[in-house]
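Naming convention: chains lettered A, B, ... in sequence-line order (proteins, then strands); numbering from 1 in each chain. In what follows, every heavy atom counts, from backbone to side chain, and hydrogens, waters and symmetry copies are set aside.
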There are 2 protein chains.
Amino acid sequence: MKKPPRISETEWDVMKICWSQPHASAQEIIDTLAAQDDWHPKTVKTLLNRLVKKRALGFKKEGRAYLYHPLVIEKECVAAESRSFLDRVFGGSLSPMLAHFVEHRKLSPTEIAELKTLLKQKETK
Amino acid sequence: MKKPPRISETEWDVMKICWSQPHASAQEIIDTLAAQDDWHPKTVKTLLNRLVKKRALGFKKEGRAYLYHPLVIEKECVAAESRSFLDRVFGGSLSPMLAHFVEHRKLSPTEIAELKTLLKQKETK
DNA sequence: TTCAGACAATTACACCTGTAATCATTACGC
DNA sequence: GCGTAATGATTACAGGTGTAATTGTCTGAA
């Protein structure tokens with residue numbers, strides 16, 4: 001269970017796509033990112049290569065094209081990044097952090113209801 | 001209201017101290033960090049200089065020593081960093097993020113109660 | 001069969017980061 | 001007054017990052 005490598009800011013965007021569409025081709029990834037973030041194709045290729053080198057992505061040649069697939073688990077990367085953020089910005093203590101987000105950002109009534117349910121489960125468990 | 005500069009991982013540790021003890025001397029900061037993080041004094045000095053250059057810290061000569069004080073507001077830095085984290089890791093959507101933390105990490109009954117109170121306030125406002 | 005176009009690999013390059021070491025200055029003890 | 005110690009300033013240096021451009025290779029069309 002090797003821990004995930006460090007994923008940079010821009011690399012996260014690429015990984016998100018790879019997690020949501022496993023086996024995406026380079027072209028698909030490039031197109032998606034060109035559309036949503038207006039990135040240059042060459043830039044995306046560089047990021048793909050770096051992620052392969054870091055062993056965050058693997059690829060398979062499928063004829064002419066490369067199909068990329070994640071080698072690291074999204075949940076684990078999210079957990080690692082969350083942990084690092086929590087430590088860095090809130091000194092590792094959870095409830096000030098949650099308070100910050102609840103206060104600073106709008107939550108729809110539905111979201112509030114969901115959270116209350118979550119808390120209730122947590123409470124009784 | 002200039003937006004805060006980007007603060008790196010190690011720089012956060014320094015800023016935390018400067019926020020909690022405004023007007024700390026270089027020596028105090030160095031000692032604190034040497035104790036808690038086992039950093040080399042030279043390393044801390046480098047970080048202080050970089051933060052001054054970034055205009056995150058200012059200083060005043062007080063005789064032989066330098067006293068550092070924050071030029072950026074903790075709340076704003078926390079907000080910027082939180083925003084960036086939320087966007088990067090959770091695609092900007094708050095409730096999956098909150099769910100992640102509530103699920104992954106232990107909350108004491110007290111913390112749960114506090115959060116419920118917060119949510120209640122949010123709800124009725 | 002050869003050339004152009006597509007796509008991958010390699011190279012570029014400036015700035016940021018972590019982690020210090022070395023240089024310069026200044027004040028204090030002798 | 002002069003040398004030494006303390007402390008601030010400058011320099012170092014190898015990765016990492018954002019953002020590509022250039023080079024190499026293979027395939028299909030003419």
Upstream residue (5' side of DNA chain D) when A/T43 and A/I7 are each assigned their closest nucleotide: A/I7
Pairwise 5' ranking along DNA chain D for B/A65 and A/W39, keeping only the more 5' one: B/A65
Integer-rounded Å distance: [N] [atom2] and [X] [atom1]:
X     : N      : atom1 : atom2 : answer
B/I30 : D/dG8  : CD1   : P     : 7 Å
A/Y66 : D/dT25 : OH    : C1'   : 10 Å
A/W12 : D/dT17 : CH2   : C1'   : 17 Å
B/Q27 : D/dG8  : CD    : P     : 8 Å
A/N49 : D/dA21 : CG    : C1'   : 14 Å
B/L47 : D/dA9  : CG    : P     : 15 Å
A/K54 : D/dG18 : NZ    : C1'   : 12 Å
A/D37 : D/dA20 : CG    : P     : 12 Å

Nearest atoms (heavy-atom pairs only) where A/F59 meets A/H69: N-CE1, 3.6 Å
Minimal non-hydrogen separation, A/V14 against A/L51, with atom names: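 Minimum heavy-atom contact is CG1-CD1, 3.7 Å.
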Atom CD of B/E62 with >12 non-hydrogen neighbours under 6.0 angstrom: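 For B/E62, atom CD is not crowded (no more than 12 foreign heavy atoms under 6.0 Å).
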Rounded (10°) bend between the five-pair end axes of the helix from C/dT1-D/dA30 to C/dC30-D/dG1: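 Angle reported: 30°, given to the nearest ten degrees.
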For B/L57, the option from B/L48, B/L71, B/I29, B/V72 that meets side-chain contact (heavy atoms from CB on, under 4.5 Å): B/L48
Touch class at under 4.0 angstrom, heavy-atom based, for A/T46 against every strand present: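 A/T46: base contact, heavy atoms under 4.0 Å.
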Sugar-phosphate only, base, or nothing, as touched by A/K61 at under 4.0 Å among non-hydrogen atoms: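 The residue A/K61 makes no contact with any strand.
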Interface limits on DNA chain C, where chain B has a heavy atom under 4.0 Å of a nucleotide atom: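 Extent of the interface on DNA chain C: C/dT17 to C/dT22.
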Test item: B/F101 and B/L107 side chains (from C-beta on) under 4.5 Å apart, heavy atoms: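 Contact flag for B/F101/B/L107 side chains = no.
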Side-chain heavy-atom pair A/E81, A/P4 within 4.5 angstrom cut-off: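 Not in contact.
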Base of D/dT22 paired with side chain of A/K42 (donor-acceptor, under 3.5 Å): yes
Side-chain donor/acceptor of A/R50 to base of D/dG18, under 3.5 Å: yes
B/Y66-B/K61 side chain donor-acceptor pair, cut-off 3.5 Å: yes
Partner of B/E11 under salt bridge (charged side-chain N to carboxylate O under 4.0 Å, His left out), chosen from B/K54, B/K53, B/R6, B/K16: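 The passing option is B/K54.
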Plane angle bin for A/F85 and B/F85 - parallel if under 30°, tilted between 30 and 60°, otherwise perpendicular: parallel
